[in-house]
Number of protein chains: 2
Amino acid sequence: MNYHVLKLFYYVAITGSVTKASERLHISQPAISAQIRKFERENHILLFEIKGKRMVLTPLGKRLIEPLEKFFAMGDQVQQIIEDYHKFPEGNLRIAGNYLATSILIPRWASLFKQSFPEVNIQITTTNSHGVMEKLNNFEADVAIYSDMEFPSHNTGVFEHRELYRDEYVFVVSSQHPYANQQVSFEEVMSEAFIMREEGSAARERLVRLCEERSVQQPTIGLQFNGVNEVIQAVIAGYGISYVSALLAKPYLDQGTLANVAVENVVSKHSIWMGYRKKELQESYMQSFITFVMKQLSLK
Amino acid sequence: MNYHVLKLFYYVAITGSVTKASERLHISQPAISAQIRKFERENHILLFEIKGKRMVLTPLGKRLIEPLEKFFAMGDQVQQIIEDYHKFPEGNLRIAGNYLATSILIPRWASLFKQSFPEVNIQITTTNSHGVMEKLNNFEADVAIYSDMEFPSHNTGVFEHRELYRDEYVFVVSSQHPYANQQVSFEEVMSEAFIMREEGSAARERLVRLCEERSVQQPTIGLQFNGVNEVIQAVIAGYGISYVSALLAKPYLDQGTLANVAVENVVSKHSIWMGYRKKELQESYMQSFITFVMKQLSLK
DNA sequence: ACAACTTACGCCTCACGTAATGATA
DNA sequence: TATCATTACGTGAGGCGTAAGTTGT
């Protein structure tokens with residue numbers, strides 16, 4: 001497979017013109033044109049049709065776009081790994097965590113670990129649990145810390161996972177809300193307006209799942225934020241109800257700005273997991289970090 | 001990025017020797033050697049260390065292996081799409097389904113669809129729900145039919161999903177089993193020996209999840225098969241209990257070879273979903289297939 | 001006519017092979 | 001001394017640019 005021509009093809013495809021592609025790639029128009037035509041000839045295919053002055057993708061051409069994007073993305077990852085090696089010759093540890101992890105668990109671990117291994121560079125990224133797994137999968141992170149979602153991450157043979165922490169989700173409202181500290185049914189609570197994070201958040205997924213299992217109508221998401229902190233602030237402000245990690249809600253519940261809603265018969269346990277590549281594929285300081293974290297947990 | 005040298009590097013890495021790589025690639029030893037050394041020089045990195053007669057990967061080299069495998073796999077997919085285009089000029093529809101789908105739903109749909117669109121080639125593959133999503137993701141399938149697992153597949157912006165069918169899982173035993181047609185608690189049923197499919201099967205994942213939510217010990221899997229049919233036959237033979245789709249178990253329950261176990265307070269609803277790429281990325285016959293399936297479902 | 005893409009042709013880089021040399025068990 | 005990898009060097013395929021040709025608005 002001629003990788004080079006694929007890039008040329010891709011740029012022509014997304015710009016819709018050989019001329020524009022040549023400007024971006026700093027290669028002459030005829031060179032690109034010739035490459036693509038030759039590629040078409042060799043493979044007995046047609047990638048573009050000429051509609052007047054425009055280059056229009058054939059169905060086959062269209063079909064190649066998305067796989068090629070993934071292909072180039074993986075190539076970029078390889079390049080990134082090589083470049084990172086220069087930037088961080090002593091070791092580079094990229095941790096991706098959901099908000100719960102990066103705001104509560106990781107800060108302490110990271111700073112303690114850094115004291116023992118000052119030469120290791122540590123980068124921490126926050127996204128939702130879905131994004132965290134994506135990052136691990138795409139080699140954009142070495143360690144992923146995320147909520148639950150036992151599937152499909154736990155099945156792949158490439159990663160290992162350890163349960164770090166057991167937690168549960170709770171329904172919370174402002175302390176002025178009529179449901180504050182009340183016991184209500186699942187149906188009642190679900191008819192309220194919700195404040196939730198974006199899709200891909202583990203708590204939101206869980207809530208949706210609960211509704212599906214019980215054949216209850218999906219929650220009305222009155223407000224949606226990209227961060228759980230923002231969600232909590234909005235709930236405190238008085239509008240609606242949310243479903244968040246108990247660990248995260250605890251300080252607010254203790255100080256009385258948030259109140260619990262006891263919902264009958266809802267199992268809301270979840271766990272915080274740490275996922276990473278198998279030993280054979282790790283650098284040595286990765287193993288140090290894992291054993292360090294496990295030791296920290298056993299101390300508590 | 002020099003894609004070519006990455007392949008050379010990869011072959012040397014997995015064979016552990018330039019000589020062996022040169023044999024596989026049909027390129028001379030010096031040529032490969034020179035390429036890799038040049039690549040190392042250009043990027044100021046070291047990929048191999050010479051330990052006696054062996055070529056041993058450096059930590060950086062090790063780190064590149066797995067991303068490269070993904071990278072090449074995506075490249076192969078691109079090539080496959082081009083080759084498929086020759087083999088099936090009229091259209092090629094690759095359906096990946098779990099056993100439930102490929103044994104019960106798809107056979108009827110596929111044959112009816114083929115009658116209306118005889119020119120479209122249809123390939124059907126059976127794996128577990130996890131494998132099905134992998135195939136869709138890796139461009140090895142155009143349509144995925146799978147059980148439930150709302151996460152993370154439903155979150156990606158690339159795919160669309162439709163719910164096809166609502167079903168539930170049931171605990172089944174042979175008709176001679178003491179639990180046959182009895183009502184028992186979840187804890188009781190989970191202390192029995194189970195016959196289940198491999199990891200990645202949606203029913204198994206659900207069962208594990210149920211145990212986690214209730215803090216009940218994970219099931220003892222006494223026998224494990226790669227197919228659900230085999231599981232059912234083993235249960236009929238008298239050993240243990242299983243947790244399977246009601247749709248699949250129905251014929252056996254009707255004829256009396258299997259018996260239901262009513263387990264208190266367990267929500268076992270699940271759905272069969274169809275996932276596929278968004279419209280912009282489809283060929284025309286894909287849309288035909290989707291509307292065809294939805295029509296079939298509404299007829300029933 | 002102009003603004004695209006294509007064809008024609010010569011140049012030059014770079015990956016290749018052959019042959020010789022170096023290292024290690 | 002046999003078996004690896006590396007160095008040295010000549011060769012050829014192929015991607016490039018320039019310039020001329022073609023097509024559609």
Side-chain angles (χ1 to χ4, degrees), chain A residues 1-58 60-62 64-65 68 71-72 75 78-79 82, chain B residues 1-58 60-62 64-65 68 71-72 75 78-79 82:
Chain A
M1 175 63 47
N2 180 348
Y3 296 127
H4 183 66
V5 73
L6 294 177
K7 197 139 231 168
L8 302 187
F9 160 75
Y10 178 71
Y11 273 89
V12 174
I14 57 166
T15 57
S17 132
V18 180
T19 308
K20 281 181 195 148
S22 78
E23 285 161 9
R24 281 218 210 166
L25 291 162
H26 306 290
I27 299 177
S28 72
Q29 295 163 25
I32 294 173
S33 213
Q35 285 295 316
I36 292 175
R37 305 300 279 166
K38 188 184 149 216
F39 184 71
E40 287 183 331
R41 247 183 295 117
E42 283 171 351
N43 291 281
H44 314 103
I45 54 175
L46 207 67
L47 294 171
F48 294 102
E49 272 175 355
I50 300 175
K51 285 266 158 68
K53 280 198 171 188
R54 297 191 66 79
M55 304 274 289
V56 179
L57 283 168
T58 60
L60 173 61
K62 254 190 199 168
L64 291 175
I65 298 300
L68 280 177
F71 175 70
F72 296 137
V78 170
Q79 190 154 14
I82 292 171
Chain B
M1 176 62 46
N2 180 349
Y3 297 127
H4 183 66
V5 73
L6 294 177
K7 197 140 231 168
L8 303 188
F9 160 75
Y10 178 71
Y11 272 89
V12 174
I14 57 165
T15 58
S17 130
V18 180
T19 309
K20 280 182 196 149
S22 78
E23 284 161 8
R24 282 219 210 164
L25 292 162
H26 306 290
I27 299 177
S28 72
Q29 295 162 25
I32 294 173
S33 212
Q35 286 294 314
I36 292 175
R37 304 299 278 168
K38 187 184 149 216
F39 183 72
E40 287 182 330
R41 246 183 296 118
E42 284 172 350
N43 291 281
H44 314 104
I45 54 176
L46 206 66
L47 295 171
F48 295 101
E49 273 176 352
I50 299 175
K51 285 265 158 68
K53 279 199 167 185
R54 297 192 65 81
M55 305 273 290
V56 179
L57 284 167
T58 61
L60 173 60
K62 253 190 200 171
L64 292 173
I65 298 299
L68 279 177
F71 175 69
F72 296 138
V78 170
Q79 189 154 15
I82 292 171

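The figures that follow rest on heavy atoms only: side chains count, while hydrogens, waters and symmetry mates do not. Note on naming: letters A, B, ... go to the chains in the order of the sequence lines (proteins, then strands), and numbering restarts at 1 for each one. On a predicted model such as this, the values are computed, not experimentally measured, just so you know.
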Q: With DNA chain D as reference, determine whether B:Arg37 or A:Glu42 sits nearer its 5' end, using the nearest nucleotide of each.
A: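 Closest to the 5' end, via its nearest nucleotide, is B:Arg37.
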Q: Give the rounded distance in Å between these two atoms: CD1 of B:Ile27 and C1' of C:dG17.
A: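 After rounding, the reported distance stands at 11 Å.
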Q: Looking at side-chain heavy atoms only, is the closest gap between B:Phe9 and B:Leu68 below 4.5 Å?
A: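 They are in contact (side-chain heavy atoms under 4.5 Å apart), so the answer is yes.
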Q: Relative to the ring of A:Phe71, is the ring of B:Tyr3 parallel (under 30°), tilted (30 to 60°) or perpendicular (over 60°)?
A: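 The arrangement is tilted - the two ring planes meet at 30° to 60°.
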Q: Using whole Å, what does the distance between atom P of nucleotide D:dA13 and atom CD of A:Gln35 come to?
A: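 Nearest whole value for this atom pair: 16 Å.
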Q: Of all the nucleotides listed (D:dA5, C:dC5, C:dT18), which has the minimum atom distance to the side chain of B:Val18?
A: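 My answer, after comparing the listed nucleotides, is D:dA5.
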Q: Grab the CG-C1' distance between A:Leu8 and D:dC16 for me, whole Å please.
A: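 Whole-Å distance recorded here is 11 Å.
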Q: Mark yes or no for whether B:Ser33, through its side chain, and B:Gln29, through its backbone, hold a donor-acceptor pair below 3.5 Å.
A: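 The answer is no, because no donor-acceptor pair under 3.5 Å joins these two groups.
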Q: Does the side chain of B:Thr19 get closer than 4.0 angstrom to OP1 or OP2 of D:dT3 through an N or O atom?
A: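 No, no such contact exists.
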Q: Return the value, rounded to whole Å, for the distance between atom CZ of B:Phe39 and atom P of D:dT6.
A: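 Going from B:Phe39 (CZ) to D:dT6 (P), I get 16 Å.
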Q: Which comes earlier along DNA chain D counting from the 5' end, the contact point of A:His26 or that of A:Ile50, where each point is its nearest nucleotide?
A: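 So the residue in question is A:His26.
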Q: Please give, in whole Å, the distance from C:dA23 P to B:Glu49 CD?
A: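 Going from CD in B:Glu49 over to P in C:dA23 covers 18 Å.
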Q: Specify the separation, in whole Å, of atom CD1 of A:Ile32 and atom C1' of D:dG14.
A: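 Spelled out: CD1 on A:Ile32 to C1' on D:dG14 is 16 Å.
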Q: Side chain of B:Pro30 only, heavy atoms from C-beta on: which candidate in C:dT7, C:dC16, D:dT6 is closest?
A: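 Nearest nucleotide to the side chain: D:dT6.
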Q: Look at the side-chain N and O atoms of A:His4 and state whether any lies under 4.0 Å from the OP1 or OP2 oxygen of D:dC16.
A: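 Affirmative; the distance criterion is met.
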Q: How many whole angstroms separate atom CD of A:Gln29 from atom C1' of D:dA20?
A: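 So the two atoms are 14 Å apart, to the nearest Å.
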Q: Do side-chain atoms of A:Ser22 reach the backbone of A:Thr19 as a donor and acceptor pair under 3.5 angstrom?
A: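 Judged by distance alone, yes, a pair lies under 3.5 Å.
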Q: Can you find a side chain N or O atom of B:Lys38 that sits less than 4.0 Å from OP1 or OP2 on C:dA15?
A: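 It does, given that an N or O in the side chain of B:Lys38 lies less than 4.0 Å from OP1 or OP2 of C:dA15.
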Q: Are A:Asn2 and D:dG14 close enough that a side-chain N or O sits under 4.0 Å from OP1 or OP2?
A: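 Indeed not, no polar side-chain atom of A:Asn2 lies that close.
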Q: In this structure, how many angstroms lie between the C1' atom of C:dA15 and the CG atom of B:Leu25, rounded?
A: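 In whole Å, C:dA15 C1' and B:Leu25 CG are 13 Å from each other.
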Q: Given 3.5 Å as the limit, does a donor-acceptor pair link the side chain of B:Thr58 with the main chain of B:Leu47, or not?
A: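 Side chain of B:Thr58 to backbone of B:Leu47, a donor-acceptor pair under 3.5 Å: yes, one is there.
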